[in-house]
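None of the values given here were measured: they were computed from a predicted structure. Each chain gets a letter, A, B and so on, in the order its sequence line appears, and its residues count up from 1. These numbers come from the heavy atoms of this one structure, side chains and all, not from hydrogens, waters or symmetry mates.
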Protein chains: 2
Amino acid sequence: MTARIKRAPLSRDRVLESALALADAEGLQAVTMRRLGDELGVEAMSLYYHLPGKDGLLDGLVDTLAGQIEYEIEHAVASRAGGNSDTALTAEQDWRAVLRRRCLAARRVMVRHPWGPGLLASRKAVPFSVYLLFEGTLATMVRGGLSYHLGHQALHALGSMVLGFAQEIFSPAQAAGDVDPDAADAEFEAVATALPYLAAMVAVEMHDNDDPVLGWCDSQTEFEFTLDLLLDGLERKRLTGS
Amino acid sequence: MTARIKRAPLSRDRVLESALALADAEGLQAVTMRRLGDELGVEAMSLYYHLPGKDGLLDGLVDTLAGQIEYEIEHAVASRAGGNSDTALTAEQDWRAVLRRRCLAARRVMVRHPWGPGLLASRKAVPFSVYLLFEGTLATMVRGGLSYHLGHQALHALGSMVLGFAQEIFSPAQAAGDVDPDAADAEFEAVATALPYLAAMVAVEMHDNDDPVLGWCDSQTEFEFTLDLLLDGLERKRLTGS
DNA sequence: ACCTGAACACCGTTCAAGT
DNA sequence: ACCTGAACACCGTTCAAGT
């Protein structure tokens, strides 16, 4: 018997890890099934045993990024005040500081992996791991005293800033590619349990919306909202002479 | 002689037109040299006679979008006040209204061609046609009384909103792929003539910048600027109970 | 259970050749 | 001047086959 070098056996995690490293090193367009196989000393076709194909791989990468953001949020040191984060300040008392920390955490991950926004934009559906981030952000705002309506708009504004893209959020049916409306309902219920704040927001916004021209999530409204928020802010800065 | 159907001869414009229609109909990923050839009744290789390759095609598409935005800005009817646009209001007097019109015009084009932001994000360099749009926006702000510094930050904020992406703007050397620094200087000068406000902004910002850690265009600063603008605006809305 | 080889239907691009 | 055919080096994916 020839003594062969026994590589560590392949696994979903090992493939994702390698894909992440490859994307960091050479960009997302270098992440190719064949190239990834090379990197792992394996034929491209072997990857299909561990992952459901290229789209599955990319979704896995998104989940990895979302996980890193979650980790950063947890372990973030308040960059401004400089005090330790175990003070009595809670989300209720200072939602702005919490939100700021969340956004900066997300941004840190995106800066570390500059292909992140592009990857996000390429996914047809918002992966669940990203919905979890939205949920946390919305929870922060609602507990801080913002209405669901305002929270919804803010979600668009901050999301498009942090992720570098703006698209219709939270249309679970489209996301799952369901055809059967019953299946969509069942799924919605399951999702709603995991994402109570987002579910409440959908309920409120759908109720308020009397003219569902572009769907309940009329992003033209969100766009103008953010635009005016920025223009008003700029005018204020102009008056103080920045 | 068999009577052949003589198709209209190919041209850069006809190819771009067809590419735009194809992207609208089936998405950007359907825009393929071979597919585009089919659409035009021609072999894929023929396209290379009229365009310098796929990247050239995509750059051409960006220019087309930029042109549409320019047209929309020119022909926009003020959507809010409802009055005609031939009033005495000039940029100097109401920079916010002008800026609003510009952003909404750009957005209308992006909504018409939803693959626009993705296409923009895919380009390694910001095409000149897009710089022209930035120039007009910056000019509006500076003439309206904003400092170049504030205008710079606003360009990032509005650009990332409208185009759905955030990246380092205005690094002409990288954009042109130059290696020779003399060539870069010459090009800079040529560009500066066409884009006086952007050129002035670069001059001001470079002078002010004493710690060029991340290049003069430190987008972390821009990010936090926009973030705080939004957070402050949200807090104000919260207090008035939206 | 895990991986491979051959095959299929696609890409962008080159280059010599046709008219 | 304008277009084509053949060829090259790539894609993702399937599926039967190996160990």
Side-chain angles (χ1 to χ4, degrees), chain A residues 1-20 22-23 25-62 115 118-119 121-125 127 177, chain B residues 1-20 22-23 25-62 115 118-119 121-125 127 177:
Chain A
M1 269 206 235
T2 12
R4 293 203 193 153
I5 295 154
K6 221 181 200 169
R7 338 176 223 78
L10 232 48
S11 72
R12 200 188 108 99
D13 280 354
R14 252 173 52 79
V15 174
L16 285 177
E17 197 183 327
S18 187
L20 191 106
L22 187 53
E26 304 185 30
L28 200 58
Q29 87 287 353
V31 179
T32 245
M33 298 302 269
R34 291 171 132 101
R35 176 69 197 279
L36 202 50
D38 280 359
E39 220 71 23
L40 290 158
V42 107
E43 296 298 315
M45 303 78 197
S46 309
L47 303 177
Y48 285 80
Y49 187 82
H50 302 277
L51 285 160
K54 176 108 191 238
D55 271 324
L57 176 84
L58 295 181
D59 283 337
L61 274 183
V62 172
W115 41 269
L119 173 64
S122 79
R123 308 292 70 212
K124 338 214 85 163
Chain B
M1 268 207 234
T2 11
R4 293 209 192 148
I5 296 155
K6 222 183 200 168
R7 335 175 225 82
L10 230 46
S11 70
R12 199 188 110 100
D13 280 354
R14 250 172 55 78
V15 174
L16 285 177
E17 196 183 328
S18 186
L20 192 106
L22 188 53
E26 303 184 31
L28 200 59
Q29 87 288 349
V31 179
T32 246
M33 297 304 268
R34 292 171 131 101
R35 177 69 198 280
L36 203 50
D38 280 359
E39 221 72 23
L40 289 159
V42 107
E43 296 299 314
M45 303 76 195
S46 309
L47 303 177
Y48 286 80
Y49 187 82
H50 302 276
L51 285 160
K54 176 105 191 240
D55 271 324
L57 177 84
L58 296 181
D59 283 337
L61 274 182
V62 172
W115 42 268
L119 172 64
S122 80
R123 309 289 71 210
K124 338 215 86 166

Fill in: Gap between atom CG of A:Leu51 and atom CE of A:Met33 - 0.5 Å precision
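Between atom CE of A:Met33 and atom CG of A:Leu51 there are 6.5 Å.
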
Practice prompt. Rounded to the nearest 0.5 Å, what's the gap from CG on B:Leu40 to CZ on B:Arg35? Could you check?
Written response: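 Those atoms lie 11.0 Å apart.
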
N or O in side chain of [X] less than 4.0 angstrom from [N] OP1/OP2:
X: A:Thr32; N: D:dG12; answer: yes
X: A:Tyr49; N: C:dC3; answer: no
X: B:Ser46; N: D:dT4; answer: yes
X: A:His50; N: C:dC3; answer: yes

Practice prompt. Take B:Val31 and B:Glu26 through the side-chain contact (heavy atoms from CB on, under 4.5 Å) test and state the conclusion after the steps.
Written response: CA-CA 8 Å; B:Val31 179; B:Glu26 303 184 31; over 6 Å; no

How many whole angstroms separate atom [atom1] of [X] from atom [atom2] of [N]?
X: B:Met45; N: D:dA7; atom1: CE; atom2: P; result: 12 Å
X: A:Leu36; N: D:dC10; atom1: CG; atom2: P; result: 16 Å
X: B:Leu10; N: C:dT19; atom1: CG; atom2: P; result: 20 Å
X: A:Arg12; N: C:dC2; atom1: CZ; atom2: P; result: 15 Å
X: A:Leu51; N: D:dT13; atom1: CG; atom2: P; result: 11 Å
X: A:Asp55; N: D:dC11; atom1: CG; atom2: C1'; result: 14 Å
X: A:Leu40; N: C:dC2; atom1: CG; atom2: P; result: 15 Å
X: A:Asp38; N: D:dA9; atom1: CG; atom2: C1'; result: 14 Å

Worksheet item: Between D:dC11, D:dG12, C:dG12, which one does the side chain of B:Lys54 approach most closely?
Response: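 Side chain of B:Lys54 sits closest to C:dG12.
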
Fill in: D:dC10 pairs with, by Watson-Crick or G-U criteria that keep both distances under 3.5 Å
none

Item to complete: Scan every strand shown for a Watson-Crick or G-U wobble partner of C:dG5, both distances under 3.5 Å, and answer none if you come up empty.
Response: D:dC15

Worksheet item: Would B:Leu61 and B:Leu119 count as a side-chain contact (heavy atoms from CB on, under 4.5 Å) if you check the C-alpha gap in whole Å, the side-chain angles of each, and the deciding distance to 0.1 Å?
Response: CA-CA 8 Å; B:Leu61 274 182; B:Leu119 172 64; 3.7 Å; yes

Practice prompt. Test A:His50 against A:Arg14 for side-chain contact (heavy atoms from CB on, under 4.5 Å), laying out the working first.
Written response: CA-CA 10 Å; A:His50 302 277; A:Arg14 252 173 52 79; over 6 Å; no

Practice prompt. Tell me which of A:Glu43 and B:Pro52 sits closer to the 5' end of DNA chain C, going by the nucleotide each one is nearest to.
Written response: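 Taking each residue's closest nucleotide, the earlier one in sequence belongs to A:Glu43.
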
